[in-house]
Amino acid sequence: MDSDKPRNFIQHIIENDLAEGTVKQVVTRFPPEPNGYLHIGHAKSICLNFGLAEQYGGVCNLRFDDTNPETESEEFVNAIIADVRWLGFQWDGEVRYASDYFEQLHAWAVHLIQAGKAYVCELTPDQMREYRGTLTEPGRDSPFRERSAAENLALLEAMRAGEIEEGKMVLRARIDMASPNINLRDPVLYRVKRMAHHRSGARWNIYPSYDFAHGQEDAIEGVTHSICTLEFADHRPLYDWLLDNLPVPARPRQYEFGRLNLSYTVTSKRKLKQLVEEGHVDGWDDPRMPTLAGLRRRGVTPAAIRAFCDSLAVAKTDGVVDMGQFEHFIRQDLNDNAPRALCVLRPLKVTLGNWPAGKVETLHLANHPQRPELGSRELPFGATLYIDRDDFSTDAALSRKQFKRLVLGDWVRLRGAYVIRADDVVRDASGALSEVLASVVPDTLGADPPAGIKPRGVIHWVAAENAVDCAVRLYERLFSAPEPDAGDGDFRAGINPDSLVTLTGCKAEANLGRAAPEVTFQFEREGYFCRDSFCGDRDNGNRLVFNRTIALRDASPKPAGTKPPGTEG
RNA sequence: UGGGGCGUCGCCAAGCGGCCAAGGCAGCGGGUUUUGAUCCCGCCAUUCGGAGGUUCGAGUCCUCCCGCCCCAGCCA
């Protein structure tokens with residue numbers, strides 16, 4: 001977050017609070033519910049909250065809003081902690097949990113009852129819905145609204161003790177059943193859930209609602225700016241009402257900003273969960289998922305995610321950011337930092353007829369064209385090589401502009417090596433291309449060929465001596481629809497059937513056989529790839545597998561909707 | 001027909017009454033290049049959802065209208 005960048009409305013508020021002295025030190029918090037994995041939308045919130053704290057010399061807490069044991073679990077807690085760390089943020093002190101405040105929250109519920117501002121209601125869920133009224137009609141008071149404090153206290157105690165069945169009683173705030181804001185029509189504060197909680201165990205049979213917990217948690221932690229998404233704006237009056245009617249130790253303020261929506265994907269925990277549970281993807285960390293775990297396994301770096309999030313506006317508009325914008329930041333970071341490597345995805349054998357028999361020359365290739373400090377690596381070069389089938393054509397009519405690769409009878413430069421000429425082809429019994437017979441142009445290593453020889457372009461290669469077999473997973477966007485969420489249709493209808501294509505028998509330079517997971521390379525002329533990290537409990541037999549993070553931008557001329565021209569095989 | 005929020009270039013967005021309406025992404029044109037990558041240069045809103053009004057002057061203030069999003073979980 002650059003200080004010279006235009007400030008968003010929250011920064012304006014904070015700077016104002018600091019200037020007026022109403023806030024001494026900024027305290028924010030990132031409050032996930034441990035009922036799923038974090039996704040790119042959460043990253044925006046994480047970067048905002050931690051970023052603001054850092055920018056204004058404050059602190060940011062990591063607090064789990066674990067008020068609903070029904071859907072939450074320790075697995076999610078651990079995954080979320082790992083994700084926040086991976087992104088590179090450090091929260092203040094220990095990780096906090098709403099469940100650590102259950103005792104205090106309960107005491108405050110008692111306080112509200114004693115003040116005549118909360119009551120135990122025995123309306124059934126259906127009745128409660130009916131009493132609540134509609135968007136245009138006011139609700140009606142619950143028949144249990146006028147109970148005495150003593151009776152309410154006794155009932156709450158019974159609820160807590162596990163003597164009441166789920167759904168039979170709730171504790172409600174006593175506010176205004178005619179409020180135009182439905183959240184103020186005596187909202188539920190506590191509900192009976194006679195089940196164990198992943199942290200507090202079997203101690204409780206009642207659990208606070210989000211509304212009764214969030215503001216008070218913020219107050220307990222001294223949070224100054226409680227930042228949440230737009231849909232909670234309607235809850236702010238309730239957030240304020242509770243803090244105003246409870247003896248809380250601090251007075252936090254809630255501010256809402258527009259959540260991140262990305263095209264060609266979904267950022268809803270419910271839908272992501274559905275993709276996982278219905279098997280459309282291989283898990284929460286499937287590289288096609290917009291989860292942080294998925295992006296990590298895909299090879300996207302924390303730096304790219306943070307740069308992307310910092311580029312996003314914090315405002316009250318809810319739009320859809322183009323996936324292309326995210327991809328831009330992924331490429332930018334990877335282009336700057338990823339070491340280069342050569343890997344042939346669809347191998348085609350090339351034999352250099354005029355290469356001295358048995359000779360293997362050691363070549364040195366830079367690990368990065370713009371950053372010599374990243375060093376170089378050795379690559380053997382011999383008579384048998386592999387190039388990509390898509391980089392060869394027998395069609396001599398192809399113009400140099402259309403096809404800057406190898407054409408029968410023409411020259412091409414092998415990246416970091418020699419210029420070669422395709423002399424002839426070998427076909428198998430079925431007539432399919434099986435090998436290219438070529439000749440090397442002498443003295444073209446690091447030097448231009450003689451006048452008259454003009455290579456069409458530069459292609460990548462791997463020498464047979466140096467090749468290691470690997471599989472490559474080519475990932476595309478998970479959805480072919482720009483806005484899978486739009487309309488009334490099923491978002492799954494937009495799933496891209498070609499979001500994963502696995503190539504086997506690829507030929508990688510031997511150095512890649514030692515690649516560590518989560519280190520992303522640029523396979524020159526192809527894209528960015530990283531070795532699969534085998535996250536989760538899945539395993540692929542420890543084969544060498546690379547996940548494509550993202551393809552290189554491609555300005556090659558291709559007729560709309562078709563494969564590159566002139567390819568054969 | 002209740003309440004809350006939002007409408008500035010294809011997408012995101014700055015703008016807080018006064019030079020020709022920032023910037024990023026995408027796109028287009030050109031240059032460099034042993035990655036059709038990167039990099040570099042140039043182009044890309046006489047107009048701010050619409051209509052009135054206030055003002056010497058409005059995207060910025062007022063009025064009305066139109067459109068989109070959220071809220072009727074004992075989810076968060």
Side-chain angles (χ1 to χ4, degrees), chain A residues 5-8 12 31-33 35 65 67-68 70-72 121 123-125 128-130 132-139 166-172 179-185 187-193 206-207 209-211 213-214 228-237 256 258 260 263 269-270 311-313 315-329 331-332 335-336 340 342 365-366 368-370 401-405 413-417 419 444-448 455 457-460 482 522-527 551-558 564:
Chain A
K5 200 168 124 181
R7 271 132 219 301
N8 62 52
H12 280 125
E33 184 193 10
N35 67 344
D65 227 340
T67 58
N68 185 0
E70 210 164 320
T71 58
E72 300 158 3
C121 181
L123 251 25
T124 65
M128 206 182 287
R129 181 161 40 246
E130 187 194 326
R132 189 154 33 225
T134 69
L135 295 179
T136 52
E137 304 160 68
E166 287 184 25
K168 295 292 187 201
M169 284 183 195
V170 291
L171 180 71
R172 302 175 71 178
S179 172
N181 182 340
I182 291 181
N183 294 299
L184 259 24
R185 316 239 265 228
V188 170
L189 269 22
Y190 265 99
R191 69 285 215 200
V192 176
K193 279 182 189 289
I206 56 174
Y207 293 92
S209 64
Y210 163 84
D211 286 308
H214 210 91
C228 60
T229 44
L230 253 27
E231 67 269 27
F232 290 101
D234 285 339
H235 292 246
R236 184 165 11 98
E256 311 87 25
L260 167 67
S263 63
K269 261 197 251 180
R270 202 203 99 229
S311 83
L312 298 170
K316 284 178 172 289
T317 44
D318 50 343
V320 180
V321 175
D322 198 308
M323 179 62 89
Q325 189 158 332
F326 184 30
E327 293 173 341
H328 162 77
F329 284 97
R331 288 198 181 94
Q332 180 173 278
N335 176 59
D336 289 348
R340 313 283 122 129
L342 300 182
L365 270 75
H368 191 111
Q370 281 84 39
K401 178 93 174 163
Q402 283 177 102
F403 197 70
K404 300 164 76 166
R405 313 177 190 187
R413 164 132 244 153
L414 294 179
R415 174 67 164 164
V419 171
T444 50
L445 182 63
D448 287 335
V458 181
I459 64 172
H460 55 104
Q522 183 194 99
F523 288 180
E524 294 206 44
R525 299 210 318 126
E526 289 287 359
L552 247 29
R553 282 186 50 164
D554 183 7
S556 64
K558 43 170 135 9

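First the proteins, then the strands, lettered A, B, ... as listed; each starts at 1.
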Assigned glycosidic conformation for B:G73 [threshold 90° from 0]:
syn
Please determine whether side-chain contact (heavy atoms from CB on, under 4.5 Å) holds for the pair A:E526 and A:L552, giving the CA-CA distance in whole Å, both sets of side-chain angles, and the decisive distance to 0.1 Å.
CA-CA 6 Å; A:E526 289 287 359; A:L552 247 29; 5.9 Å; no
Residue pair A:A447/A:D322 against RNA chain B: nearer the 5' end by closest nucleotide is A:D322
Nearest-angstrom distance, P atom, B:U46 to B:A21
10 Å
Return the value, rounded to whole Å, for the distance between atom CZ of A:F523 and atom C1' of B:G36.
19 Å
Atom pair distance, as rounded to whole Å: CG in A:L312 and P in B:A14:
11 Å
Does the plane of the ring in A:Y210 sit parallel, tilted or perpendicular to the ring in A:F232? Use 30° and 60° as the thresholds.
tilted
Roughly how many Å is it from CZ in A:R415 to P in B:U33, rounded to a whole number?
14 Å
Atom-pair distance (CZ on A:R525; P on B:U35), nearest Å:
10 Å
Sticking with atom P, work out how far B:C74 lies from B:G4, rounded to a whole angstrom.
22 Å
Taking atom P in both B:A22 and B:G36, compute the distance separating them and give it to the nearest angstrom.
36 Å
Is the phosphate of B:U35, meaning OP1 or OP2, less than 4.0 Å from a side-chain N or O of A:H460?
no
Shortest non-hydrogen contact between A:V188 and A:S209, atoms and distance:
O-OG, 2.8 Å
Can you confirm whether more than 12 heavy atoms, excluding those of A:K316, are under 6.0 Å from its NZ atom?
yes
In whole Å, what separates the P atom of B:C48 from that of B:C20?
16 Å
Measuring from the side chain of A:V458 (C-beta onward, heavy atoms only), which nucleotide among B:A13, B:A26, B:U34 has the closest atom?
B:U34
Contiguous Watson-Crick or G-U pair runs (3 or more, under 3.5 Å) in RNA chain B
B:2-7 with B:66-71, B:10-12 with B:23-25, B:27-31 with B:39-43, B:49-53 with B:61-65
To check you understand the geometry: which heavy-atom pair defines the closest contact between A:R415 and A:E524, and what is its length?
NE-OE1, 2.7 Å
Scan A:G416 against the nucleic acid and name what it touches under 4.0 Å (heavy atoms): base, sugar-phosphate only, or nothing.
base
May I ask you to say what A:G139 touches in the nucleic acid, namely base, sugar-phosphate or nothing, with a heavy-atom cut-off under 4.0 Å?
nothing
B:A51 versus B:C9 - spacing of their P atoms, nearest Å
16 Å
Determine whether A:E33 and A:K269 make a side-chain contact, defined as any pair of heavy atoms from C-beta on separated by less than 4.5 Å.
yes
Just to confirm, is there a sub-4.0 Å distance from OP1 or OP2 of B:C25 to any side-chain nitrogen or oxygen of A:R331?
no
Any Lys/Arg nitrogen of A:R236 or A:E256 sitting under 4.0 Å from an Asp/Glu carboxylate oxygen of the other?
yes
In whole Å, measure the gap between the P atoms of B:U1 and B:G59 for me.
31 Å
Is there a side-chain contact between A:L342 and A:L365 in this structure, where contact means two heavy atoms from C-beta onward sitting under 4.5 Å apart?
yes
Indicate yes or no for a side-chain donor-acceptor contact from A:E72 to the backbone of A:N68 under 3.5 Å, with no hydrogens or angles considered.
yes
Whole-Å distance, A:Q332 CD to B:A37 P, equals 16 Å
Rounded to whole angstroms, how far apart are CD on A:E256 and P on B:G5?
9 Å
Whole angstrom value for the distance that separates P of B:U33 from NZ of A:K404
11 Å
For the side chain of A:T134 and the backbone of A:T136, is there at least one donor-acceptor N/O pair under 3.5 Å apart?
yes
Figure out the CD/C1' separation between A:E526 and B:U38, and round it to whole Å.
17 Å
B:A14, B:G36, B:G15: which one has an atom nearest the side-chain heavy atoms of A:A315?
B:A14
Select base, sugar-phosphate, or nothing to describe what A:P369 touches, counting heavy atoms under 4.0 Å on all strands.
base
Given the C1' atoms of B:A45 and B:A13, what is the spacing between them in whole Å?
13 Å
When you get a sec, tell me which of B:G36, B:C12, B:A26 is the closest nucleotide to the side chain of A:A555?
B:G36
Counting primed atoms, P, OP1 and OP2 as sugar-phosphate and everything else as base, the B/S/- map of nucleotides 65-76 of chain B against protein heavy atoms under 4.0 Å is ----SBBBSBSB
Quantified in whole Å, what is the P atom distance between nucleotide B:C28 and nucleotide B:U47?
26 Å
Does any N or O donor sit under 3.5 Å from an N or O acceptor when you compare the side chain of A:R236 with the base of B:G4?
no
Proximity to the side chain of A:T136 - top-ranked nucleotide from B:G36, B:A37, B:G2
B:G2
Picking from B:G15, B:G24, B:G36, which would you name as closest to the side chain of A:H12?
B:G15
Select one nucleotide: of B:G5, B:C12, B:U35, the one nearest the side-chain heavy atoms of A:K316.
B:G5
Hey, is the side chain of A:T317 poking within less than 4.0 Å of OP1 or OP2 on B:A13, counting only N and O atoms?
yes
Distance-minimising heavy-atom pair for A:R191 and A:T67
NH1-O, 3.5 Å
Between A:N181 and A:S179, do the side chains contain a donor N or O and an acceptor N or O under 3.5 Å apart?
no
